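Chain identifiers are assigned alphabetically (A, B, ...) following the order of the sequence lines, protein sequences preceding nucleic acid strands; residue numbering begins at 1 within each chain. Quick caveat, the model's predicted, so the values are computed rather than measured.
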Amino acid sequence: MTARIGVVTFPGSLDDRDARRAVRRAGAEPVELWHDDASLHGVDGVVLPGGFSYGDYLRCGAIARFAPVMRQIIEAAGRGLPVLGICNGFQILCEAHLLPGALARNAGLHFVTRDVTIRIENDTSAWTRQYRAGQHIRVVLKSGEGAYMADPQTLASIEANGQVLARYASGNPNGSQRDIAGVISEAGNVAGLMPHPEHAIDELTGPSADGIGFFASVLQAVAIR
Amino acid sequence: MSQDVAAAPRARAAQDTVADAAATPERAQPFAALGLTADEYARIARLLGRRPTDAELAIYSVMWSEHCSYKSSRKHLRQFADKAPATDVLLAGIGQNAGVVDIGQGYAVTFKIESHNHPSYVEPFQGAATGVGGIVRDILAMGARPVAVMDALRFGPADAPDTRRVLPGVVSGISFYGNCLGLPNIGGELAFDPCYAGNPLVNALCVGVLRHEDLKLAAATGPGNQVILFGSRTGPDGIGGASVLASASFGGTGEGAKRPSVQVGDPFMEKLLVECCLELYRTGLVIGIQDLGAAGVACATTELAAGGGTGMRVRLDSVPLRDASLGPAEILMSESQERMMAIIEPGHVPAFMDICAKWDVQATVIGEVTDTGRLEMSWQGVQVVDIPPGSAADSGPVYDRPAHRPATQDELLAADPGRLPLPAAGRDLRADLLLLLGSPEGGDKTWVTEQYDHYVRGDTVLAMPHDAGLVRIDAETGLGVALATDGNGRYCQLDPYAGTQLALAEAYRNVAVTGARPLAVTNCLNFGSPEDPAVMWQFTEAVRGLADGCQQLGIPVTGGNVSFYNQTGGTPIQPTPVVGVLGVHDDVRCRTVSGFTAAGASVVLLGDTRPEFGGSLWAWLRHGHLGGRPPAVDLDAEKALAGLLAVAAARGLLLAAHDLSDGGLALALAESCLSGGTGCVIQPPADAAVFLFSESAGRAVVAAWPDALPDLVSACAAAGVSAAVIGTTGGPALELTGLFSVPLADLATAHRAALPALFG
Amino acid sequence: MPRFVVDVMLKPEIHDPQGEAIAGACRRLGFGQVAGVRQGKRFEIELTEPASAERIGELAAELLANPVIEEFTVHPG
Amino acid sequence: MPRFVVDVMLKPEIHDPQGEAIAGACRRLGFGQVAGVRQGKRFEIELTEPASAERIGELAAELLANPVIEEFTVHPG
Ligand SMILES: Nc1ncnc2c1ncn2[C@@H]1O[C@H](COP(=O)(O)OP(=O)(O)O)[C@@H](O)[C@H]1O
Ligand SMILES: [Mg+2]
């Protein structure tokens with residue numbers, strides 16, 4: 001049986017369609033989840049896609065974290081369900097305190113769309129096991145509030161625990177502390193990534209096909225689980 | 001301040017009713033302050049057989065404004081229809097919200113470009129943002145899913161303090177609205193000239209996709225059908241005019257002065273509105289639909305009723321308000337953003353409302369379609385409007401304004417650039433190349449384009465820095481559309497007829513270099529005051545040039561927009577028609593890119609180069625010179641070139657193709673080297689300055705694999721396109737043998753420097 | 001060190017979609033008594049030497065606010 | 001109608017690039033005495049019925065500010 005990966009659509013989600021396409025391309029079955037859903041429909045993993053949920057009014061992700069479906073996701077994440085937040089999804093996971101830290105305004109103050117190279121730091125998570133630690137991949141960054149921030153103790157502890165998922169390796173595009181591009185939860189099932197792997201699954205429309213590994217990884221993780 | 005705590009409604013006694021209007025024909029009305037002439041006011045009274053009510057006056061004043069009625073341009077724009085080439089691709093044409101073009105496989109696309117120049121000067125961020133919002137709703141109203149946007153921008157000198165205020169605001173406004181809406185920005189323009197200092201041009205384009213059967217029209221049909229207003233609530237946005245009316249009619253409480261003329265955009269609401277409309281379309285319940293843009297409810301109701309040949313009864317007090325103190329005239333004129341109006345059968349209203357509720361979109365029945373042929377509106381029980389809708393929508397005044405070629409035109413043409421000293425030494429040629437490449441005009445636009453998301457939706461095949469944007473429509477077959485916009489104020493200043501054809505030719509060529517087949521045209525005509533005969537001459541020449549050019553190229557104009565009164569004091573901007581060309585790509589996997597991505601390919605210059613420097617970037621930047629004739633136009637040659645490029649792309653002959661425009665071959669080569677990360681070695685002819693900097697039209701530079709070269713050469717011969725092998729790709733530099741060599745790193749530094757240095 | 005605070009708010013008649021969205025979120029979170037929210041900006045300005053409130057007002061009008069849609073107040077911080 | 005104002009500022013130890021850019025712009029504009037600027041948010045909240053400052057503080061802590069990087073103050077408006 002193929003894995004079923006839910007992709008949440010909040011009002012204002014934009015990359016939900018692309019995330020579903022990536023899930024399908026990796027060989028899993030994408031399941032549309034709606035922000036108002038009271039159930040996760042038995043999915044094996046969840047992607048919170050990029051976009052501007054609720055317009056990103058107030059702060060990115062601040063309003064989305066109170067959506068009904070988030071209650072289900074927070075609970076299931078606690079039981080080990082693999083969850084990946086991409087860009088706005090990462091912001092939502094931080095706002096929901098499923099991931100440490102916060103994402104602040106880019107150092108350059110502008111929205112930045114750029115092809116970036118990131119280095120995978122942790123290759124054991126549910127979302128990165130198809131990569132090798134130290135591997136460089138080319139993906140798309142597109143965000144206005146993508147600067148990863150945490151207090152010194154938090155930074156020290158995520159470094160010590162191996163919770164840094166990936167770092168920018170072609171210059172720091174937004175002022176993220178320690179070049180952090182993504183982090184994972186202590187348990188390793190909840191991941192947040194600022195750049196977009198789902199926009200890097202086909203060289204015709206993206207900078208590479210490197211991003212598919214995130215979706216292929218979760219397939220493997222689900223099979224083992 | 002909020003939706004729940006509304007101020008007390010204005011006293012109803014203050015309303016000017018239809019009965020009042022009949023009873024008090026002599027009452028003075030502030031028509032002049034609303035922008036109507038005495039003749040126009042008299043014409044309204046004649047049409048109605050009485051003076052208009054205040055609310056009616058509001059409707060006519062906005063519907064008969066230059067912006068909505070095209071009263072100074074209409075007579076000339078007819079040429080687009082009269083001279084339209086025979087074509088079977090047009091499913092809906094001029095007069096609709098946007099033109100619709102058949103692209104095959106059951107798909108159609110609709111696209112249009114529109115200006116938001118004045119608002120963007122007053123409040124750059126919101127002005128530009130709402131410009132994007134408005135054009136997206138136009139596309140949505142045709143039944144299409146918007147799939148991409150573009151922006152053509154022109155500012156005063158890049159280093160002027162006011163440009164530092166306006167440009168970053170405009171760019172972040174476009175970025176904010178387009179990104180938040182989830183529409184990839186696939187291209188545009190960025191130009192600078194002192195003539196735009198007090199009057200920037202902000203033109204936004206949107207393209208949408210639909211199946212043939214999904215086409216929607218703005219027509220209210222079926223008496224008894226319900227009129228539903230949905231989206232944002234109506235507030236006092238952009239109704240400076242209506243407040244004139246309010247203060248004049250209601251004793252001038254001064255309240256009117258507070259009405260803002262700036263609208264604030266809510267892209268989140270627009271995103272919901274887009275998804276909501278598309279879901280509504282899928283149910284098949286929508287009989288007619290219209291977006292609310294300039295002139296708001298006044299425009300939507302009159303155009304829907306006129307379009308359907310019906311009547312309509314509207315209860316203005318049903319319109320959901322953000323500010324309860326608004327009166328009927330203000331509600332009619334409000335330009336609040338993110339609103340649409342639909343016509344629905346009564347039995348389908350609940351289903352309609354359910355879908356709106358799902359998307360959190362407020363929807364309200366505000367009236368119904370009638371068979372009376374009258375547009376009737378009530379407000380708190382009294383009738384405030386009773387007019388034939390066509391009289392406002394279609395029977396506005398049409399002016400044949402005087403047009404005279406200004407005497408100064410001859411002086412301008414006489415200032416021949418042939419007198420300018422051409423560089424000959426390698427050192428000087430190199431310096432001029434770096435001057436162009438390092439200028440805001442010729443430099444890298446990444447500072448702007450990086451703020452735009454071009455990846456969203458995952459179907460963008462080409463965007464900046466390529467010549468045209470290219471989006472995939474069907475992932476199975478590879479069907480896609482390419483789009484480019486171009487305009488050149490300098491050329492048009494010298495010769496508006498030829499200049500407009502050059503803009504058309506450039507956009508056409510930009511689309512063609514990707515391998516796409518040009519299919520249709522949209523345009524945004526940015527000019528000074530039509531009341532100035534010299535400007536009117538420029539305008540008539542430009543329209544004639546575009547209509548003739550499209551006829552010759554065999555591609556119809558499907559729609560567009562006219563923006564007059566672009567001037568500072570008495571000084572108009574350079575005439576700036578911006579032309580958008582749409583092409584179809586049968587298989588986007590065969591697209592041609594603009595960069596040299598590999599070494600060892602032959603660099604071939606297609607087309608003929610003549611010493612043509614009139615209006616050129618080189619003459620302007622190197623000598624501050626603007627004069628003489630613009631490059632010669634040869635549309636048959638453009639057609640031949642485009643045909644050749646499509647064949648070459650389909651047969652996979654090309655590594656790269658890049659069109660030549662501003663800055664000539666010099667800039668094109670530098671751009672291809674930089675975007676592909678590979679240098680080239682070029683063997684220049686004797687007249688290197690002409691070779692490098694002339695802006696002769698109808699040219700492109702391509703790179704072809706050595707084994708494909710014979711094929712390419714024979715295809716060129718067959719198409720009647722001259723082709724000269726001028727060098728080879730490869731190496732770490734842009735080298736002109738015997739003249740100069742610039743390492744790629746130095747090229748890149750020069751290219752990238754200008755905009756970040758100015759704007760941070 | 002002398003300090004000023006400049007508060008910049010959208011003029012009351014200007015649409016504030018952001019404030020409306022926040023008010024909606026407050027109510028959904030159980031703060032039903034929230035009638036409306038308007039969101040503005042607060043600038044805390046530190047000076048190397050004293051300046052008059054008028055001077056800071058000039059700064060606000062020129063740089064911190066767009067008087068077409070915003071209004072501001074200056075007070076010592 | 002009861003009103004509260006909530007001011008939200010980045011914590012002092014968090015880098016505020018926006019404030020820095022504004023400070024630079026101030027100095028370029030001839031306001032050389034500007035030593036530093038920090039930019040935050042100001043929320044004006046209108047209530048249908050009175051509420052305690054504590055209650056508004058809860059709202060701020062839960063929604064209006066992100067305690068990881070921001071701090072806030074509540075005062076009657
Ligand atoms: N305002 C803008 N918005 C989006 N894209 C832009 C803008 N200005 C320039 N571009 C893009 O930057 C690239 C280079 O622009 P330009 O040199 O003017 O192209 P061309 O000469 O082929 O018309 C093109 O891909 C163009 O679409
Ligand atoms: Mg080009």
Side-chain angles (χ1 to χ4, degrees), chain C residues 1-12 14 16 18-66 70-75 77, chain D residues 1-12 14 16 18-66 70-75 77:
Chain C
M1 215 182 261
R3 263 172 54 111
F4 277 93
V5 171
V6 178
D7 289 322
V8 177
M9 301 297 296
L10 282 175
K11 290 182 181 174
I14 298 280
D16 178 11
Q18 170 141 297
E20 281 182 17
I22 296 166
C26 292
R27 289 188 286 259
R28 280 197 304 278
L29 266 179
F31 293 82
Q33 72 272 53
V34 171
V37 174
R38 290 187 73 85
Q39 175 173 346
K41 298 174 195 158
R42 175 185 168 90
F43 298 92
E44 296 181 355
I45 304 176
E46 258 183 18
L47 302 172
T48 52
E49 55 193 62
S52 66
E54 288 69 46
R55 187 84 182 111
I56 301 299
E58 286 167 33
L59 179 64
E62 187 146 343
L63 187 69
L64 304 179
N66 178 355
E70 293 169 328
E71 57 194 18
F72 62 86
T73 55
V74 176
H75 38 104
Chain D
M1 213 181 266
R3 262 171 55 111
F4 277 92
V5 171
V6 177
D7 288 323
V8 176
M9 301 298 294
L10 283 175
K11 289 181 179 172
I14 299 281
D16 176 12
Q18 203 162 350
E20 277 178 20
I22 292 167
C26 291
R27 288 187 286 259
R28 275 197 305 279
L29 268 177
F31 294 82
Q33 71 271 52
V34 171
V37 174
R38 291 188 70 83
Q39 176 171 345
K41 298 174 191 162
R42 175 184 167 91
F43 299 94
E44 296 181 355
I45 304 175
E46 260 187 14
L47 302 172
T48 52
E49 56 194 59
S52 65
E54 288 67 47
R55 185 85 181 109
I56 301 300
E58 286 167 32
L59 177 63
E62 187 151 342
L63 182 70
L64 301 180
N66 178 353
E70 295 170 326
E71 55 192 21
F72 63 86
T73 56
V74 175
H75 38 104

At what distance, to the nearest 0.5 angstrom, does CG of D16(C) lie from CD of E44(D)?
10.0 Å

Less than 4.5 Å to any heavy atom of chain D: does that hold for the side chain of I45(C), its backbone, both, or neither?
both

Within this structure, what is the NZ-CG distance for the pair K41(C) and D7(D), rounded to the nearest 0.5 Å?
15.0 Å

Between M9(C), M1(C), R3(C), which has the largest tally of heavy atom pairs under 4.5 Å with chain D?
M9(C)

Sequence neighbours excluded and cut-off under 3.5 Å, please list the side-chain donor-acceptor pairs for residues 52-64 of chain D, or say none.
{"from": "S52(D)", "atom 1": "OG", "to": "R55(D)", "atom 2": "N", "distance (Å)": "3.1"}
{"from": "R55(D)", "atom 1": "NH1", "to": "E58(D)", "atom 2": "OE1", "distance (Å)": "2.9"}

Pick from V6(C), L29(C), T48(C) with the largest number of heavy-atom pairs that fall under 4.5 Å of chain D
T48(C)

